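Computed from a predicted structure; not experimentally measured. Heavy-atom basis, side chains included; hydrogens, waters and symmetry copies ignored. In each ligand, atom 1 is the first atom listed, and ligand 1 is the first ligand listed.
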Amino acid sequence: MAQTVGDFFWERLQQWGVRVVFGYPGDGINGLLGAMNRADGKIKFVQVRHEEMAAFMASGYAKFSGELGVCLATSGPGATHLITGMYDARLDHMPVLAIAGQQARAGLGGHYQQEVDLLSAYKDVAGAFVQQASVAPQVRHLVDRGVRVAIAERRVTAIILPNDLQDEPYTAPPRKHGTVHSGIGYVAPRIVPYEDDLRRAAAVLNDGKRVAILVGAGALHATDEVIEIAEVLGAGVAKALLGKAVLPDDLPWVTGSIGLLGTKPSWELMTGCDTLLMIGSGFPYSEFLPKEGSARGVQIDIKPDMLSLRYPMEVNLVGDAAETLRALLPLLTHKTDRSWRQSIEKSVAEWWQLLERRAMASANPVNPQRVAWELSPRLPDGAIITSDSGACANWYARDLKIRRGMMCSLSGGLASMGAAVPYAIAAKFAHPDRPVIALVGDGAMQMNNMAELITIAKYWREWANPHCVVCVFNNQDLNQVTWEQRIQNGDPKFEASQNIPDVPYHQFAQLIGLKGIFVDNPDRLGSAWDEALAADRPTVLEVRTDPNVPPLPPHITLTQAKHFMSTLLKGDPDESGVIAETAKQLLSSILPGRRR
Ligand SMILES: Cc1ncc(C[n+]2csc(CCOP(=O)(O)OP(=O)(O)O)c2C)c(N)n1
Ligand SMILES: [Mg+2]
C-alpha cells in the first residue's frame with residue numbers, strides 16, 4: 001500500500017522525536033488513526049475521556065518532560081473541546097502541538113455537519129502557527145513548522161487536516177515554483193546577554209543593601225545558580241507558583257510562594273527590599289511586588305516580551321536563567337552585612353511555626369491545611385505533585401514543603417479547574433517510575449478529574465510503578481470562590497452557586513478498580529497518606545475537609561476586612577462556622593504552641 005498522508009504525518013512526527021499523543025477518536029481523524037495503527041506502536045496513543053483533558057495532558061507532559069506535548073482531536077466538537085487545554089499551555093509558555101481533523105475539502109464552506117472554522121477558532125490560542133492542509137505536498141512543511149515553532153518559541157501550534165486528505169497517497173513537494181522544501185531539527189541556542197549589560201546589572205545588585213529575588217518557571221533548571229547568587233547577595237528568594245520547584249523549602253532564606261496564595265515572609269521581602277532581581281517569572285500581581293520606585297530592578301527572562309512588565313526594571317536582560325546567572329556571578333561582590341538575610345531567616349522560621357499551628361488547629365472535621373502539612377514529610381524522593389485550582393492551591397502553595405529533585409505544577413496563567421488529574425497522568429507517562437500526587441477540590445473532581453480516574457484505571461499497569469495518589473478535598477463547596485465572594489466582594493456565600501453535592505469519590509475509585517481511602521478524622525491523616533503512597537495501585541484519598549477554614553491571604557487589607565465584616569452582617573449561611581474557624585486561624589498567629 002502506498003504511503004498515505006496519515007502514514008507520512010506520523011513518520012515525520014516520529015522523526016521529530018514525538019513518542020506519545022493524547023487524544024480521542026472521531027471520523028474527522030480516522031485516516032490519522034488508521035495510519036497510527038499501521039505504525040506499530042512507534043507513537044503511543046493515550047486515550048482520554050474528553051479532548052480538553054488531552055490538551056491539559058499535552059501541556060502537563062511538556063511541563064514535566066521538557067519536550068513537545070501533542071494532542072489530537074476529531075473535527076468540530078472534538079477540536080473545540082481542545083481549546084481550554086491549549087490555552088493552559090499558551091499562558092504557561094508550553095510547547096504544544098494540537099492536531100485536529102476537519103471535514104472533507106469538497107464540503108468546506110458548505111455549512112456541513114461538524115464543520116467549524118478551526119483556523120479562526122484557533123487563531124488566538126495557536127497564533128504562532130495554525131494551518132489547514134489543502135494538498136499532500138504541503139503536509140511536510142506544516143509538520144516541520146508546527147513542531148519547530150512550538151519548541152523554539154515555547155508556543156502552541158495547530159495543524160488541521162481534512163479527513164479525505166489523510167487517506168490520500170502522500171507525495172513529496174515537487175521541484176517547481178511555489179513549493180516548500182523543509183527539513184527536520186532544532187537545537188536551542190545559548191542565550192546570554194552582552195558583557196556590558198551584565199555589568200550594568202551587577203552594578204545595581206552590588207549597590208543594593210537589601211536584595212529580594214523572585215523566581216518563576218523560567219528558573220526551574222537553574223537551582224544551583226539561584227542558590228549561589230542568593231548566597232552572594234545575602235538575598236531572600238520568593239517563588240512564583242510555577243516556580244515552586246526551583247528551590248527546596250528547607251533553605252532558611254526561601255520565603256515560599258508570593259501573592260494571594262503567598263506567605264508573609266514573601267510580602268515582607270518585597271516590601272522591605274531596596275533591590276529586586278526577577279528571574280524567569282511572569283507573576284501577574286504587581287501589588288505584591290515592591291512599590292514602584294522603592295526598589296531598583298534587574299530582570300532576566302528568555303522572552304523579551306516578559307521584561308519590565310510587572311515592575312519597571314532598570315536593567316532588562318534577555319537570557320537563559322542558568323547561563324545568565326553563571327555569567328553574572330563573577331561580577332558580583334559578596335555582601336558582608338548579613339543583617340537583611342538574618343531578618344528574612346527569622347521571619348521564615350516564625351512563618352513555618354505559624355503554618356504548623358494553623359494546620360494543627362482543630363476543624364470540622366478535618367482542617368484542609370493539615371492534609372498538605374502531613375504530606376510534606378512523607379513526600380517520596382522525586383515525587384511529582386500537581387494541584388488543581390481552588391482552595392487546595394493555597395495549601396499546595398503555602399504548606400507543602402518541596403525537596404530537591406521534585407517537580408510540581410498547576411494551571412498557572414489560566415488558573416483553570418480540571419488540570420490536576422490530567423497533569424498527573426501526563427507526569428506518569430513522562431516519568432513512569434516517579435510517584436505522582438494530585439491535590440484536587442471536590443468541585444474540580446466533579447467537573448472532569450473524576451472521569452480521568454478512568455484513564456488512570458485503564459493505563460496504570462503499564463507504568464513502572466503504580467504510585468499515583470489523587471487526594472480529594474471533599475468540602476461540598478466551591479470554596480475558593482465562596483471566600484472570594486466574602487472577602488473580595490463583601491457578599492455572603494451564595495448557596496445556589498456554591499454548594500455542591502456530596503459524592504463518594506473513594507468508592508468511585510474502588511468501583512473502577514483503584515484503591516479508595518476515606519478520612520474524616522484528622523489523626524488518621526498521616527497513616528492514610530502512608531497507606532496511599534505505598535499502595536499496590538493508584539489511590540483516591542478522600543478527605544472530608546472543613547470549608548470554613550479561611551484561605552487567609554498573607555496580609556489582610558482594610559477593604560478586605562470591611563468586606564468580611566459586612567458579609568457576616570448580611571447573614572452568611574455558614575456564619576457561626578466561619579467565625580469560629582477564622583478566629584482559630586487568626587488566634588494561632590498570636591498564641592504560639594497551643595493546639596485547639
Ligand atoms: C474552568 C474554571 N471554572 C471556574 C473557575 C473559578 N473557580 C476557581 S476555584 C473554584 C472553586 C473550586 O472548587 P473545588 O474544586 O471544590 O475546590 P475548593 O475551592 O472547594 O477547595 C472556581 C469555581 C475556574 N478557575 N476554572
Ligand atoms: Mg470544594
Side-chain angles (χ1 to χ4, degrees), residues 50-53 55-56 59 80-92 125 241 259-261 284 359 363-372 375 386-400 410-424 438-453 470-489 491 493-506 519-520 540-553 573-574 577-578 581:
H50 184 299
E51 292 87 350
E52 182 179 312
M53 299 296 101
F56 272 121
S59 177
T80 54
H81 269 177
L82 287 180
I83 289 176
T84 303
M86 291 166 73
Y87 269 110
D88 178 60
R90 170 83 186 95
L91 268 63
D92 286 350
V125 69
L241 259 186
L260 278 172
L261 312 186
N364 185 18
V366 179
N367 181 334
Q369 289 159 115
R370 188 161 168 187
V371 180
L375 170 61
T386 70
S387 171
D388 223 279
S389 295
C392 68
N394 290 266
W395 325 131
Y396 160 87
R398 280 196 208 123
D399 295 75
L400 203 65
L410 41 52
S411 170
L414 192 63
S416 176
M417 287 169 72
V421 175
Y423 271 24
L439 306 176
V440 198
D442 49 355
M445 268 327 265
Q446 292 174 20
M447 185 175 270
N448 53 7
N449 285 300
M450 237 175 128
E452 290 311 316
L453 292 177
V470 175
C471 175
V472 185
F473 293 71
N474 180 348
N475 53 18
Q476 290 163 61
D477 183 29
L478 300 173
N479 195 235
Q480 178 71 14
V481 174
T482 301
W483 281 97
E484 285 165 0
Q485 291 177 348
R486 290 182 181 127
I487 291 184
Q488 285 169 15
N489 302 69
D491 287 328
K493 174 181 179 181
F494 181 36
E495 289 190 287
S497 72
Q498 299 313 110
N499 286 350
I500 56 171
D502 188 12
V503 170
Y505 307 93
H506 69 291
V519 173
D520 59 0
V540 169
L541 169 58
E542 176 187 350
V543 186
R544 177 86 64 179
T545 53
D546 188 341
N548 294 329
V549 173
L552 291 175
D574 294 335
V578 164
E581 298 309 329

Check whether any side-chain heavy atom of N448 sits under 4.5 Å from a side-chain heavy atom of E52, and report yes or no. yes

Taking it one step at a time, do M447 and D388 satisfy side chain to side chain contact (heavy atoms under 4.5 Å, CB included)? CA-CA 11 Å; M447 185 175 270; D388 223 279; over 6 Å; no

Any idea how many protein N, O or S atoms are nearer than 2.8 Å to the Mg ion (ligand 2)? 3

Exercise answer, ligand 1 polar atom pairs (N/O) under 3.5 angstrom:
| unit_1 | atom_1 | unit_2 | atom_2 | d |
| --- | --- | --- | --- | --- |
| ligand 1 | 15 (O) | G443 | N | 3.3 |
| ligand 1 | 15 (O) | A444 | N | 2.8 |
| ligand 1 | 16 (O) | D442 | N | 3.4 |
| ligand 1 | 16 (O) | D442 | OD1 | 2.6 |
| ligand 1 | 16 (O) | G443 | N | 2.7 |
| ligand 1 | 16 (O) | D477 | O | 3.0 |
| ligand 1 | 19 (O) | A391 | N | 2.8 |
| ligand 1 | 19 (O) | N479 | N | 3.3 |
| ligand 1 | 19 (O) | Q480 | N | 2.8 |
| ligand 1 | 20 (O) | N475 | OD1 | 3.3 |
| ligand 1 | 20 (O) | N475 | ND2 | 3.1 |
| ligand 1 | 20 (O) | D477 | O | 2.7 |
| ligand 1 | 20 (O) | N479 | N | 2.9 |
| ligand 1 | 21 (O) | A391 | N | 3.2 |
| ligand 1 | 25 (N) | A415 | O | 2.9 |
| ligand 1 | 26 (N) | M417 | N | 3.1 |

Is a donor from one side chain sitting under 3.5 angstrom from an acceptor on the other, for D88 and S416? no

Only one of T482, N499, N548 clears side chain to side chain donor-acceptor pair (under 3.5 Å) with K493; which? N499

Just by distance, do the side chain of E495 and the backbone of P573 share a donor-acceptor pair under 3.5 Å? no

For a 4.5 angstrom cut-off between non-hydrogen side-chain atoms, does D574 reach Q498? no

Hey, is D546 close enough to R370 for a salt bridge, meaning N to O under 4.0 Å? no

Give the ring-plane orientation class for Y423 versus F56, where under 30° counts as parallel, over 60° as perpendicular and anything between as tilted. perpendicular

Is there a donor-acceptor pair under 3.5 Å between the side chain of D92 and the backbone N or O of G412? yes

